[in-house]
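Predicted, not measured: the structure shown is a model, and the values here were computed from it.
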Amino acid sequence: MSIAMSIVDIACKEAQQDGASSISIIELDVGKLAGIMVDSLQFCYDSVCKGTLAENSKLVINEIAGKGHCLKCDTEFEIDSFMALCPECESYEVEIKQGRELKLKAVTVNE
């Protein structure tokens, strides 16, 4: 709930600074390793939007796949956990390159 509240607060502040009358769409990038339950975020969204510029807006979530880079054999591959095993050399020396982000990508407003 607090993540949804923070996202809506940030979007509303940006919309107010631009003189918008309402928000129609909030778009997020959410990495699969970010620890965010997308269904829960979507469920909380409508509740926290009530009485704000974002009331009746749509939440668009782009899920970003996790990517790892093996430090031993230089292979890049898709991962779905922090304990990733390199598919080429079976090393656990894996650097996470992508998938931890939670980013407010765009706010579409009505003037």
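Linking Ile, Leu, Val, Met, Phe, Trp and Tyr whenever their side-chain heavy atoms come within less than 4.5 Å puts L41 and M1 in one cluster. A single hydrophobic cluster is seen to contain both I61 and I26, as judged by linkage of ILVMFWY side chains at heavy-atom distances under 4.5 Å, directly or through other members. No path of Ile, Leu, Val, Met, Phe, Trp and Tyr side chains, each step under 4.5 Å between heavy atoms, connects I64 with V94, placing them in separate hydrophobic clusters.
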Which side-chain N or O atoms in residues 69-88 pair as donor and acceptor under 3.5 Å with protein atoms at least two apart or in another chain?
| unit_1 | atom_1 | unit_2 | atom_2 | d |
| --- | --- | --- | --- | --- |
| H69 | NE2 | D74 | OD1 | 2.5 |
| S81 | OG | M83 | N | 3.4 |

Just list the side-chain donor-acceptor pairs under 3.5 Å for residues 42-57, sequence neighbours left out, or say none.
| unit_1 | atom_1 | unit_2 | atom_2 | d |
| --- | --- | --- | --- | --- |
| Y45 | OH | S57 | OG | 2.5 |
| T52 | OG1 | C49 | O | 2.7 |
| T52 | OG1 | A54 | N | 3.0 |
| E55 | OE1 | G51 | N | 2.9 |
| S57 | OG | A54 | O | 2.6 |

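Judged as a side-chain hydrogen bond (donor to acceptor under 3.5 Å, both in side chains), the pairs with a partner in residues 95-111 (not counting sequence neighbours) are, in order, S22-N110.
Through chains of ILVMFWY side-chain contacts below 4.5 Å, V60 is grouped with I25. Hydrophobic cluster of M37: no remaining members, since no ILVMFWY side chain lies below 4.5 Å from it.
Taking CE of M5 as the start and CD1 of I10 as the end, the distance is 12.0 Å to the nearest 0.5 Å. Here L28 contributes atom CG and I36 contributes atom CD1; the two are 9.5 Å apart, rounded to the nearest 0.5 Å.
Under the side-chain hydrogen bond (donor to acceptor under 3.5 Å, both in side chains) criterion, D29 pairs with N62, sequence neighbours left out. Every residue meeting the side chain to side chain contact (heavy atoms under 4.5 Å, CB included) condition with V107, not counting sequence neighbours, appears here in chain and number order: A11, I23, L104, V109.
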